[in-house]
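Please read these numbers as outputs of a predicted model, since none were measured by experiment. The residues of the chain are indexed from 1 along the displayed sequence.
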Amino acid sequence: MPERLPFDRQTAVVVMTHHYERDLAYVQALAQVPLAYLGVIGSRERAARIHRAVSASATAIHAPAGLDIGSETAQEIALSVAAEIMAAMRARSGVRLSRTDGPIHS
């Protein structure tokens, strides 16, 4: 799969198919690809299984994907994941601005 698509350090990939084995295969294939972000949507238990199954890699695996904003709906989960992707791509923590010092914009 990675050899057929032009991935680079500006690419973000989020995996979620509702089939653990398929998700694991995708993550294993992508773990060595230089990506800006590799995330897996799912429960903490599912994330732990993914982490255990995938050896150390050059790309950090964000599982479960997203920031802790209290997401419940699909739209809220998407917002949470998009925010984490942006934070990862900008090398930011995703912490509340009211709890940081320094410039807000890069």
Side-chain angles (χ1 to χ4, degrees):
M1 174 184 42
E3 63 278 355
R4 291 187 283 182
L5 298 171
F7 295 121
D8 61 25
R9 294 242 178 244
Q10 296 299 309
T11 303
V13 177
V14 179
V15 175
M16 176 50 175
T17 68
H18 295 288
H19 295 94
Y20 172 77
E21 292 80 15
R22 188 175 301 149
D23 286 356
L24 180 58
Y26 289 147
V27 171
Q28 288 173 324
L30 292 164
Q32 299 302 320
V33 175
L35 299 170
Y37 179 93
L38 175 57
V40 183
I41 295 176
S43 68
R44 290 191 188 283
E45 179 183 326
R46 181 182 179 89
R49 289 177 63 196
I50 295 276
H51 283 291
R52 283 193 301 270
V54 177
S55 62
S57 65
T59 299
I61 299 169
H62 300 265
L67 297 180
D68 182 7
I69 60 171
S71 301
E72 294 290 335
T73 67
Q75 295 87 346
E76 293 168 346
I77 293 166
L79 176 64
S80 167
V81 173
E84 185 181 42
I85 291 169
M86 178 170 266
M89 293 180 97
R90 301 286 170 90
R92 301 302 282 256
S93 66
V95 69
R96 294 177 184 189
L97 289 174
S98 62
R99 295 187 179 163
T100 63
D101 293 325
I104 294 174
H105 305 285
S106 306

Original post:
For Thr17, does its backbone N or O pair with a side-chain atom of Asp23 as donor and acceptor, under 3.5 Å?
Top reply: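 It does hold such a pair.
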
Worksheet item: For Ala63, does its backbone N or O pair with a side-chain atom of His51 as donor and acceptor, under 3.5 Å?
Response: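 Checking the backbone N and O of Ala63 against the side chain of His51, a donor-acceptor pair under 3.5 Å is found.
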
(Q) Test question: given the 4.5 Å side-chain rule for I, L, V, M, F, W and Y, name all other residues clustered with Leu79, or answer none. (A)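 Taking Ile, Leu, Val, Met, Phe, Trp and Tyr as members, Leu79 shares its hydrophobic cluster with Leu67, Ile69.
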
Go through it in stages, so that I can follow the logic: the residues are Val15 and Leu24, the test is side-chain contact (heavy atoms from CB on, under 4.5 Å), and I'd like the CA-CA distance, side-chain angles, deciding distance and then a yes or no. CA-CA 9 Å; Val15 175; Leu24 180 58; over 6 Å; no

Testing the basics here: between [X] and [Y], what is the closest heavy-atom pair and its distance to 0.1 Å?
| X | Y | result |
| --- | --- | --- |
| Thr11 | Pro6 | OG1-O, 4.2 Å |
| Ala36 | Ala88 | O-CB, 4.3 Å |
| Ser93 | Val95 | OG-CG1, 3.0 Å |
| His18 | Arg46 | N-NH2, 4.3 Å |

Intermediate values then yes/no, side-chain contact (heavy atoms from CB on, under 4.5 Å), Phe7 and Leu30
CA-CA 9 Å; Phe7 295 121; Leu30 292 164; 3.6 Å; yes

When rounded to the nearest 0.5 angstrom, what distance separates [atom1] in [X] from [atom2] in [Y]?
| X | Y | atom1 | atom2 | value |
| --- | --- | --- | --- | --- |
| Leu97 | Arg99 | CG | CZ | 11.5 Å |
| Ile77 | Glu72 | CD1 | CD | 7.5 Å |
| Arg92 | Thr100 | CZ | OG1 | 7.5 Å |

request  = Check whether more than 12 heavy atoms from other residues, nucleotides or ligands sit under 6.0 Å from atom CG of Asp8, and answer yes or no.
outcome  =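 Correct, the count exceeds 12.
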
_Let me check something: do Met89 and Val14 share a hydrophobic cluster, defined by ILVMFWY side-chain heavy atoms less than 4.5 Å apart, either directly or through other members?_
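Yes, Met89 connects to Val14 through the hydrophobic network.
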
Linked, directly or transitively: Tyr20 and Val40 (ILVMFWY side chains, under 4.5 Å):
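Yes, same cluster.
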
